[in-house]
Amino acid sequence: MSMRDRNAWLKGGHSQCNEMPASPLRRVRFVLLGAPGVGKGTQADLLARYFGACHLSTGDLFRAVRAMNGSASRAMKAALEFMKRGDLVPDETVLALVAERIGCLRCGGGFLLDGFPRTVAQAEALDVLLAGHQLQLDAAVSYELPLNKIVARLAGRRTCSACKKVCHIDQVGESEVCVNCGGKLIQREDDRPESIRVRMKAFRQAAQPLAAYYESRNLLISVPAEGAPEAVLQRTLDSLQIHS
Ligand code: AMP
């Protein structure tokens, strides 16, 4: 299954996705938890293909706003400054953006929320939002990796400026050229060492309470994030007791 364009999520407003999901065999509504760099985005893509659900990343949403250059509201411009430093964007701004995109949460194809919620306040707000539409989460999948491996993954992460494929410098060597399309690889502003430190601190402060929140609701599933993406996907499916 190919990736959908996610217009409704990335552009908001009255934007529509070009391709609507076919009725999936199993509709999933998951949140993915874990530190930046743990591989949530990669797993979200793989799970999205597996289940036909949409990968809804709040980080992608902010990057899409940034790419619009200049036309962002005052609240959004302030949000982008938080992002640049590696800090969390205020809950109010994030929640307003997600609430505007309730159509994506109600979508018949299901969803994989990546990078949201990041605080207990966001998790509570998400529950209220979903309950208002008679929806509920199926699981909160938490990806776990030791800190030194996370930092190494983040510092070596590169994104292709052309096709947006994410890779690691270990895979491309000195060339720093995308293996997919030959495009120029760039480092995310917030993957620089000074921002990584801020992001890891923000993550550590929020992670425990957030995991406890989902644990208390019997939704938490922890998955070790070591190894190749396909192995982590298989581990995720096994943990969810889904057999292909
Ligand atoms: P990500 O791509 O998920 O690592 O997100 C990149 C950046 O976007 C984060 O470091 C935050 O600055 C901001 N961001 C994304 N999602 C959230 C969220 N749920 N709450 C607060 N800030 C967020």
Q.
Within the supplied structure, the quantity of interest is the number of heavy atoms (other residues, nucleotides, ligands) at a distance under 6.0 Å from E194 CD; does it exceed 12?
A. yes
Q: Check whether any side-chain N or O of R101 sits under 3.5 Å from a backbone N or O of W9 as a donor-acceptor pair, and report yes or no.
A: yes
Q: Considering non-hydrogen atoms only, spot the tightest contact between P229 and L46 and give its length.
A: O-CD1, 3.7 Å
Q.
With heavy-atom distances below 4.5 Å as the criterion, would you say the side chains of L97 and L61 are in contact?
A. yes
Q: For residues L88 and F203, determine if any side-chain heavy atom of one lies less than 4.5 Å from a side-chain heavy atom of the other.
A: no
Q: Look at the side chain of H168 and the backbone N and O of L154, then say whether any donor-acceptor pair between them is shorter than 3.5 Å.
A: no
Q. Closest heavy-atom contact between A44 and L112?
A. O-CD1, 3.5 Å
Q: Ignoring hydrogens and angles, state whether a donor on the side chain of T236 or Q234 is under 3.5 Å from an acceptor on the partner side chain.
A: no
Q | E215 side chain vs L210 backbone, donor-acceptor pair below 3.5 Å | A | no
Q) Can you check whether R235's main-chain N or O pairs, donor with acceptor, with S239's side chain at less than 3.5 Å? A) yes
Q: For the residue pair H55 and D45, establish whether any side-chain heavy-atom pair is separated by less than 4.5 Å.
A: yes
Q: Kindly give the heavy-atom pair with the smallest separation between V232 and G227, and that separation in Å.
A: CG2-O, 4.0 Å
Q: From the options R158, R157, K165, select the one residue that forms a side-chain contact (heavy atoms from CB on, under 4.5 Å) with L185.
A: R158
Q | Salt bridge present between D87 and R199 (N-O < 4.0 angstrom) | A | no
Q | Verify same cluster id: V179, I186 (apolar side-chain graph, 4.5 Å) | A | no
Q.
Could you tell me if the side chain of V177 sits less than 4.5 Å from the side chain of K184, heavy atoms only?
A. no
(Q) What I want to find out is whether R66 reaches E189 closely enough, with some N-O distance under 4.0 Å, to be called a salt bridge. (A) yes
Q. Quick one: OG on S57 to CG on L32, what's the gap to the nearest 0.5 Å?
A. 10.0 Å
**Q.** Residue pair L137 / F111, side-chain heavy-atom distance below 4.5 Å
**A.** yes
Q. Got a second to check how far D138's CG is from L240's CG, nearest 0.5 Å?
A. 9.0 Å
Q: Tell me whether V128 is reachable from L130 by hopping between hydrophobic residues (I, L, V, M, F, W, Y) whose side-chain heavy atoms are closer than 4.5 Å.
A: no
**Q.** Heavy-atom closest contact (C181 atom, A162 atom, distance)
**A.** SG-CB, 3.9 Å
(Q) Take a 6.0 Å sphere around CZ of R85 and say whether it holds more than 12 heavy atoms from other residues, nucleotides or ligands. (A) yes
**Q.** side-chain contact (heavy atoms from CB on, under 4.5 Å) partner of Q43, chosen from V38, V223, L233
**A.** L233
Q) Which pair of non-hydrogen atoms, one from A206 and one from P209, has the smallest distance, and what is that distance? A) O-CD, 3.3 Å
**Q.** Taking every non-hydrogen atom, the tightest pair across L80 and F62
**A.** CD2-O, 3.6 Å
Q. What distance separates I196 CD1 from I150 CD1, expressed to the nearest 0.5 Å?
A. 10.5 Å
Q: Take atom CD of E176 as the centre, draw a 6.0 Å sphere, and report whether it contains more than 12 heavy atoms from other residues, nucleotides or ligands.
A: yes
(Q) Does any part of the side chain of V65, heavy atoms only, come nearer than 4.5 Å to the side chain of L10, both counted from C-beta? (A) no
Q) Taking the six-membered ring of F51 as reference, does the NZ or CZ atom of R49 fall below 6.0 Å from its centre and within a 45° cone about the axis? A) no
Q: Only pairs at least two apart or in different chains count here, so list each side chain to side chain donor-acceptor pair (under 3.5 Å) that has a residue in residues 115-128.
A: D91-T119, D91-Q122, D127-Y213
Q.
To the nearest 0.5 Å, what is the distance between CZ on R106 and CZ on R29?
A. 10.0 Å
Q: Just do the side chain to side chain contact (heavy atoms under 4.5 Å, CB included) check on Y214 and V141 with the steps written out, would you?
A: CA-CA 9 Å; Y214 285 118; V141 182; over 6 Å; no
**Q.** Partners passing salt bridge (Lys or Arg N to Asp or Glu O under 4.0 Å) against R188 (at least two apart in sequence or in another chain)
**A.** D190
(Q) Counting C-beta onward and ignoring hydrogens, is there a side-chain heavy-atom pair between T58 and V98 closer than 4.5 Å? (A) yes
(Q) Is it true that, when you exclude E226 itself, more than 12 heavy atoms of the residues, nucleotides or ligands shown sit nearer than 6.0 Å to its CD? (A) yes
Q: Measure the spacing between CG of L47 and SG of C54 and express it to the nearest 0.5 Å.
A: 13.0 Å
Q | Any side-chain heavy-atom pair of L129 and L135 under 4.5 Å | A | no
Q: Please assess L220 against S142 for the test side chain to side chain contact (heavy atoms under 4.5 Å, CB included), listing each intermediate value before the final yes or no.
A: CA-CA 7 Å; L220 189 72; S142 176; 3.9 Å; yes
Q. Can you list the steps and then say if L95 with F116 is a side chain to side chain contact (heavy atoms under 4.5 Å, CB included)?
A. CA-CA 9 Å; L95 290 171; F116 176 88; 3.8 Å; yes
Q) Distance-only, no hydrogens or angles: does the K164 side chain make a donor-acceptor pair with backbone N or O of S161 under 3.5 Å? A) yes
Q: Decide yes or no on side chain to side chain contact (heavy atoms under 4.5 Å, CB included) for C167 and C160, but give the supporting numbers first.
A: CA-CA 8 Å; C167 64; C160 174; over 6 Å; no
Q: Salt-bridge test for R6 and D60: reply yes if a basic N is under 4.0 Å from a carboxylate O, no otherwise.
A: yes
Q. If you round to the nearest 0.5 Å, how far is CD1 of I221 from OH of Y143?
A. 9.5 Å
